[in-house]
2 protein chains.
Amino acid sequence: MRIALLGGTGDIGEGLALRFARDTDHEILIGSRDPEKARDAVESYEAELDDRGHEPTIKGFGNEMAADRADIVVLSVPPYYAGDTVEAIEDVLDEETILVTPAVGMNGDEDGMHYHPPGVGSVSELVAQRAPDGVPVVGAYHNLAAGKLADLDVEFDLDTLIVGDDSAANETIRTLTNEIDGLRALEAGPLANAAEVESVTPLVINIATYNDEMHDVGVKWI
Amino acid sequence: MRIALLGGTGDIGEGLALRFARDTDHEILIGSRDPEKARDAVESYEAELDDRGHEPTIKGFGNEMAADRADIVVLSVPPYYAGDTVEAIEDVLDEETILVTPAVGMNGDEDGMHYHPPGVGSVSELVAQRAPDGVPVVGAYHNLAAGKLADLDVEFDLDTLIVGDDSAANETIRTLTNEIDGLRALEAGPLANAAEVESVTPLVINIATYNDEMHDVGVKWI
């Protein structure tokens with residue numbers, strides 16, 4: 001399959017690109033609003049993978065062109081850009097393309113990070129609302145610490161949760177996710193259950209803040 | 001120390017009573033609105049522990065009498081009784097008594113369970129608001145599956161998160177919690193961060209619902 005990581009020059013995009021490229025045979029497309037920035041990122045990801053003896057196929061494009069070529073489009077953009085990014089690529093989305101959203105709305109104060117969803121209930125539901133009819137939307141990769149994700153020296157033993165209303169799309173993303181070494185995808189139900197999944201992201205940041213020995217906190221459901 | 005489990009005849013109360021009694025030297029007091037019910041529960045908990053070669057000290061009382069005798073009062077009651085239970089025992093609470101709240105507001109629909117906090121933001125903050133001034137309030141034990149907790153054959157390797165505004169009280173509960181075999185307490189900050197902790201409870205129920213092989217789901221932060 002071809003996997004486009006829009007906003008793929010950011011931290012979650014980088015980690016997903018490196019791990020998908022290292023651990024799977026899928027073709028990775030990096031998307032950015034600035035195609036030049038996407039190609040620079042590709043160069044750096046390929047160099048890092050090459051150093052480790054991998055020869056992945058990664059390509060860089062503008063967001064729309066990356067999405068147009070992909071079977072799976074991951075919106076690894078900040079939450080306040082998620083809706084606009086969907087609209088910017090809507091002409092190239094169809095029922096065969098799975099839209100994956102890892103973004104989480106949060107705000108911070110002196111106590112810590114707090115879950116701050118959009119009015120529709122969650123970023124996942126916002127993306128579904130803004131996506132063209134029939135395009136399957138899956139929430140995933142919310143609670144993966146970007147630092148650990150992008151550091152290929154870190155061996156994972158982590159879970160990520162999947163929410164979505166299209167069970168075939170959920171299954172595709174679950175299978176794909178399980179191809180990353182040490183990452184296990186579990187299902188958490190339809191998009192209506194996304195808020196409880198997304199709100200784990202501010203929580204893992206708070207746990208890292210308030211426990212000296214913990215950094216880049218991830219989660220395992222047992 | 002003396003630990004009162006109010007609503008200690010319910011499922012979370014039962015599990016905490018059995019594990020505190022088995023794994024620690026603290027004196028366990030079971031509280032119920034009906035003292036007779038509390039004493040019946042004590043009899044059954046003692047029988048179960050006796051079968052396993054333990055001779056714990058557990059006593060049963062009405063809620064107020066249990067709270068009056070205790071250093072730590074755990075409000076293991078349904079969330080909609082938490083505030084009223086605090087008011088029912090307020091005359092016997094003081095700055096030396098730590099009030100611990102594990103309750104979570106949830107509602108369910110055909111999709112799954114959803115976090116449904118009271119208007120003040122979380123049950124933990126509601127309890128703090130209803131408690132007399134100066135009584136330290138700690139949120140803990142929210143995300144422990146009652147079934148696993150009360151089944152002493154299940155060996156734990158689980159985490160529970162602590163929130164609270166009084167760092168000495170947090171530390172007391174953290175230390176106490178770590179005395180339970182296989183249970184690790186981590187801090188998640190002040191009471192203002194309670195919502196993100198409480199909302200993990202509907203999530204673990206959803207994970208159990210949507211993944212065939214998983215039951216009584218718990219969590220490990222890594």
Side-chain angles (χ1 to χ4, degrees), chain A residues 104 106 108-117 121-122 143 145 148 154 156-159 161-165 167 170 174 182 184-222, chain B residues 104 106 108-117 121-122 143 145 148 154 156-159 161-165 167 170 174 182 184-222:
Chain A
V104 172
M106 297 186 277
D109 59 21
E110 71 280 10
D111 297 316
M113 296 301 285
H114 304 288
Y115 183 46
H116 185 64
S122 63
N143 315 140
K148 267 187 188 155
V154 174
F156 268 8
D157 182 20
L158 290 179
D159 290 340
L161 296 170
I162 283 174
V163 285
D165 293 344
S167 58
N170 292 356
R174 201 170 68 82
R184 178 179 66 160
L186 295 172
E187 303 226 19
L191 291 173
N193 296 353
E196 285 75 17
V197 173
E198 295 180 2
S199 66
V200 174
T201 304
L203 180 58
V204 292
I205 297 171
N206 292 341
I207 295 171
T209 302
Y210 285 97
N211 296 276
D212 286 341
E213 72 283 15
M214 302 187 81
H215 309 280
D216 282 332
V217 174
V219 60
K220 194 85 191 161
W221 307 99
I222 49 184
Chain B
V104 173
M106 297 186 277
D109 59 23
E110 71 280 11
D111 297 316
M113 296 301 285
H114 305 288
Y115 183 46
H116 185 64
S122 63
N143 315 139
K148 267 187 189 156
V154 174
F156 269 8
D157 181 20
L158 289 180
D159 290 339
L161 296 170
I162 283 175
V163 284
D165 293 343
S167 58
N170 291 357
R174 202 170 69 83
R184 178 179 65 160
L186 295 172
E187 305 226 16
L191 290 172
N193 295 354
E196 285 76 17
V197 173
E198 294 179 3
S199 66
V200 173
T201 304
L203 179 58
V204 293
I205 297 170
N206 292 341
I207 294 170
T209 302
Y210 285 97
N211 297 275
D212 286 340
E213 73 283 15
M214 302 187 81
H215 309 281
D216 282 332
V217 173
V219 60
K220 194 85 190 161
W221 306 99
I222 48 184

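All values below were derived from every heavy atom in this structure, side-chain atoms included, with hydrogens, water molecules and symmetry-related copies excluded.
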**Q** Given a strict heavy-atom distance threshold of 4.5 Å, which part of A/D109 is in contact with chain B: side chain, backbone, both, or neither?
**A**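 Neither part.
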
**Q** Please report the shortest heavy-atom distance between A/W221 and B/M214, naming the atom on each side.
**A** O-CE, 3.4 Å

**Q** Please find the pair of heavy atoms, one from B/N211 and one from A/E187, that lie closest to each other, and give the distance.
**A** ND2-O, 2.6 Å

**Q** Checking A/I222 against B/V217 for the side-chain contact (heavy atoms from CB on, under 4.5 Å) test, could you report, in this order, the C-alpha distance in whole Å, the side-chain angles of both residues, the deciding distance, and whether it holds?
**A** CA-CA 5 Å; A/I222 49 184; B/V217 173; over 6 Å; no

**Q** Under 3.5 Å, which donor-acceptor pairs link side chains of residues 190-204 of chain A to any protein atom two or more places apart or in another chain?
**A**
from   : atom 1 : to     : atom 2 : distance (Å)
A/N193 : ND2    : A/A188 : O      : 3.0
A/N193 : ND2    : B/D111 : O      : 3.1
A/E196 : OE2    : B/Y115 : N      : 2.6
A/E198 : OE1    : A/Y115 : OH     : 2.7
A/E198 : OE1    : A/V123 : N      : 3.0
A/E198 : OE2    : A/V123 : N      : 3.1
A/E198 : OE2    : A/S124 : N      : 2.8
A/E198 : OE2    : A/S124 : OG     : 2.8
A/S199 : OG     : A/A195 : O      : 3.2
A/S199 : OG     : A/E196 : O      : 3.3
A/S199 : OG     : B/S199 : OG     : 3.1
A/T201 : OG1    : A/H142 : O      : 3.0
A/T201 : OG1    : A/N143 : ND2    : 2.8
A/T201 : OG1    : A/E198 : O      : 3.3

**Q** A/D159: what forms a salt bridge (Lys or Arg N to Asp or Glu O under 4.0 Å) with it, not counting sequence neighbours?
**A** A/R184, A/K220

**Q** If you count heavy-atom pairs within less than 4.5 Å of chain A, which of B/H215, B/K148, B/H114, B/M113 leads?
**A**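 When all of B/H215, B/K148, B/H114, B/M113 are compared, B/H114 has the most.
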
**Q** I need the residue from A/T209, A/D157, A/I207, A/D216 with the largest number of non-hydrogen atom pairs under 4.5 Å to chain B.
**A**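 Among the listed options, the one with the most contacts to chain B is A/I207.
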
